[in-house]
Amino acid sequence: MQGFQGENFSHTNFFLIGFSTLNEQRWLLFFPFFLMFALSVAANSILIFVIKKQRSLHSPMCVLIGVTSVVNLFLTTSFIPRMLLSFLFNWNDISLTGCLTQMFFINFTGSFQSSILLLMAVDRYVAICIPLHYSDYINTSNCLKFFCASFIRSAFCFVVLCFLDGRLSYCNSNVIDHCFCEHMALVGLACGSTAINGIVGLLIIIFITILDWILVMVSYVKIFISVFLKDSGKSSRKAIHTCTTHLIVLCLSYMYVVLSTVSYRIGNVMSPNVRVFLSLMYLLFPSCFHPIIYGFRTKEIWEHIINLLRNIKITPFSVKVSNVT
């Protein structure tokens, strides 16, 4: 771990030392974060399996929930296993290329998740406000176009950001006070001007997170206006219940986005451990609890999950041996 060595020098290896103030007790963090990781893998895997297996759940909304679970799995596996090994064995070093690659996949996956939440809101808006045109707007062709546009948007934004971060000279320090490579934490180690990186990072937040949030809120405002203007009944109550489930997920997701972003703007006030913890919860909490929320509050999915658990039979050493010809 080296200090200042001149602007002509740039570190190519870094050390991720999140929660370093815990010193010898840092390894204890392995257990709570491993439990959250296991919960995420188990809950999302069950949800994906149930949705894939049951043809009755192949509606656009359930498919989007399944896609969200796939994204959650990809997001957590992109950094959690390495972080857990760091807690246990102090494997903290990472190359600049590895750091930028990890940063790209984390940000890309998180922004793609935001796009899925937006598509869910659009799906509910079309289903409730203009149901007669549902099949015209929500179909395989339009969904693929939306996913392609979201893929290109996210990939372009974060390729540019990683490219700009990769061109900086990191001569101040090579110690990142975090558990994964995060844009603000990495740029904070650079010497020289980082104004362009800061502006681009802010524009990406506006172009992806804030824009998606505004569009989602507009969709749900129109939904609730449409529902309350109509005669109240069973269909209206079901619509509100479905929207409430999505709003819970949205509020939890964007709450941690805001907290994580603000924590870097008031870094001198907030403890480094708290800042790192909020950043981790921003990525881990949705992955753990989104499938649970969807599973509990979506009646069709919950019924199939219960049936799946009831049909599981554990018989020790039940191995079927077939003849080899």
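Because only heavy atoms are used, hydrogens play no part in the values below, and waters and symmetry mates are left out as well, while side chains stay in.
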* Any I292 side-chain heavy atom under 4.5 Å of L39 side chain -> yes

* Asked: Do N13 and N174 have side-chain atoms, one donor and one acceptor, less than 3.5 Å apart?
  -> no

* Structure fact -> Rounded to the nearest 0.5 Å, the CG atom of L64 sits from the OG atom of S69 at a distance of 11.0 Å

* **F289/F285 under ring pair (Phe, Tyr, Trp, His ring centres under 6.0 Å): CA gap, chis, key distance, verdict** => CA-CA 6 Å; F289 293 100; F285 187 87; 4.6 Å; yes

* **Heavy-atom pair with the smallest gap, counting every atom of Q113 and T68** => NE2-CG2, 4.4 Å

* **Reported CZ-to-CG distance for the pair F15 and N90, which is rounded to 0.5 angstrom** => 11.0 Å

* **R26 and S86: CA distance, side-chain angles, deciding distance, side-chain hydrogen bond (donor to acceptor under 3.5 Å, both in side chains) verdict** => CA-CA 9 Å; R26 188 170 178 261; S86 172; 3.3 Å; yes

* Ring geometry between F108 and F104 (parallel below 30°, tilted from 30 to 60°, perpendicular above 60°) -> parallel

* Does atom OH of Y134 have more than 12 heavy-atom neighbours, drawn from other residues, nucleotides or ligands, at distances under 6.0 Å? -> yes

* Do you know the tightest heavy-atom contact between I176 and A185? -> CG2-CB, 3.9 Å

* To do: Tell me yes or no: between the side chains of S173 and H11, is some donor less than 3.5 Å from an acceptor?
  => no

* Check the pair V175, L16 against side chain to side chain contact (heavy atoms under 4.5 Å, CB included), reporting the backbone distance first and the verdict last. => CA-CA 6 Å; V175 178; L16 297 166; over 6 Å; no

* Report yes or no: does S45 contribute a side-chain atom to a donor-acceptor pair with the main-chain N or O of A42 at less than 3.5 Å? => no

* To do: Over all heavy atoms of both residues, which pair between P272 and D177 is shortest? Give the atoms and the distance, please.
  => CB-OD2, 3.3 Å

* Closest non-hydrogen atom pair, S154 against S111 -> OG-OG, 2.8 Å

* Taking the six-membered ring for Trp and the single ring otherwise, decide whether the centroids of F87 and F31 are under 6.0 Å apart. => no

* **Connected via hydrophobic side-chain network under 4.5 Å: I94 and W91** => no

* If you round to the nearest 0.5 Å, how far is CG of L57 from CG of L47? -> 9.0 Å

* To do: Verify, without hydrogens or angle tests, whether E182 (side chain) and M184 (backbone) share a donor-acceptor contact under 3.5 angstrom.
  => yes

* Judged by atom type as modelled, is there a donor-acceptor pair below 3.5 Å linking the side chain of S287 to the main-chain atoms of L284? -> no

* Measure from the side-chain N and O atoms of S279 to the backbone N and O of R275, and report whether any donor-acceptor pair falls under 3.5 Å. => yes

* Hey, could you give me the CE/CG distance between M103 and L161, rounded to the nearest 0.5 Å? => 5.0 Å

* Given F105 and F158, is the ring pair (Phe, Tyr, Trp, His ring centres under 6.0 Å) satisfied, shown in steps? -> CA-CA 9 Å; F105 281 111; F158 293 112; over 10 Å; no

* Asked: Can you find a pair of side-chain heavy atoms, one from R124 and one from M61, that are under 4.5 Å apart?
  -> yes

* Ignoring hydrogens and angles, tell me if any N or O in the side chain of S10 forms a donor-acceptor pair with the backbone of Y170 under 3.5 Å. => yes

* Answer yes or no: is there a donor N or O on one side and an acceptor on the other, between the side chain of N139 and the main chain of D136, under 3.5 Å? => yes

* N/O donor-acceptor pair under 3.5 Å between N142 side chain and Y137 backbone -> yes

* I would like to know whether D165 and H183 meet side-chain hydrogen bond (donor to acceptor under 3.5 Å, both in side chains); could you show each step before the answer? => CA-CA 8 Å; D165 289 356; H183 167 66; 2.8 Å; yes

* Hydrophobic cluster identity match, L35 and L22, side-chain contacts under 4.5 Å -> no

* Out of curiosity, does Y282 fall in the hydrophobic cluster containing F277 (side-chain heavy atoms, cut-off under 4.5 Å, transitive links)? -> yes

* Nearest heavy atoms of G166 and L100, plus distance in Å -> CA-CD1, 3.6 Å

* Is it the case that one hydrophobic cluster holds both L75 and M83, taking links as side-chain heavy atoms less than 4.5 Å apart, direct or via other members? -> yes

* **Whether D123 side chain and L119 backbone form a donor-acceptor pair below 3.5 Å** => no

* To do: Answer yes or no: are there more than 12 heavy-atom neighbours, outside L211 itself, under 6.0 Å from its atom CG?
  => yes

* Asked: Can you tell me if H58 uses its side chain to pair, donor with acceptor, with the backbone of I51 under 3.5 Å?
  -> yes

* Honestly curious: do L85 and L283 fall in one hydrophobic cluster under the side-chain, below-4.5 Å linking rule? -> yes

* Judged by atom type as modelled, is there a donor-acceptor pair below 3.5 Å linking the side chain of S40 to the main-chain atoms of M36? -> no

* To do: Mind checking the OG-CH2 spacing from S114 to W213? Nearest 0.5 Å is all I need.
  => 12.0 Å

* Interatomic distance, L118 atom CG to D212 atom CG [nearest 0.5 angstrom] -> 5.0 Å

* State, with a plain yes or no, whether a side-chain heavy atom of M281 is found less than 4.5 Å away from one of P286. => no

* To do: Tell me, with the steps shown, if V122 and L215 meet side chain to side chain contact (heavy atoms under 4.5 Å, CB included).
  => CA-CA 9 Å; V122 172; L215 293 175; over 6 Å; no

* To do: Could you walk me through whether L186 and C181 pass the side chain to side chain contact (heavy atoms under 4.5 Å, CB included) test, one step at a time?
  => CA-CA 7 Å; L186 180 63; C181 287; 5.8 Å; no

* **Evaluation steps, side-chain hydrogen bond (donor to acceptor under 3.5 Å, both in side chains), between S115 and R153** => CA-CA 10 Å; S115 299; R153 179 185 71 164; 2.9 Å; yes

* Assess whether side chain to side chain contact (heavy atoms under 4.5 Å, CB included) is satisfied between F33 and L280, documenting all intermediate values. => CA-CA 10 Å; F33 283 109; L280 286 172; 3.6 Å; yes

* What orientation do F112 and F151 show, parallel under 30°, tilted 30 to 60°, or perpendicular over 60°? -> perpendicular

* I65 and M120, any side-chain heavy atoms less than 4.5 Å apart -> yes

* Where I223 and A121 come nearest, the two heavy atoms and their spacing -> CD1-O, 4.2 Å

* Note, S95 side chain near T12 side chain (heavy atom, < 4.5 Å) -> no

* Quick one: are S78 and T109 in side-chain contact, heavy atoms under 4.5 Å? -> no

* Is the closest side-chain heavy-atom distance between F14 and L189 below 4.5 Å? -> yes

* With a 4.5 Å limit on heavy-atom distance, are the side chains of E300 and Q54 in contact? -> no

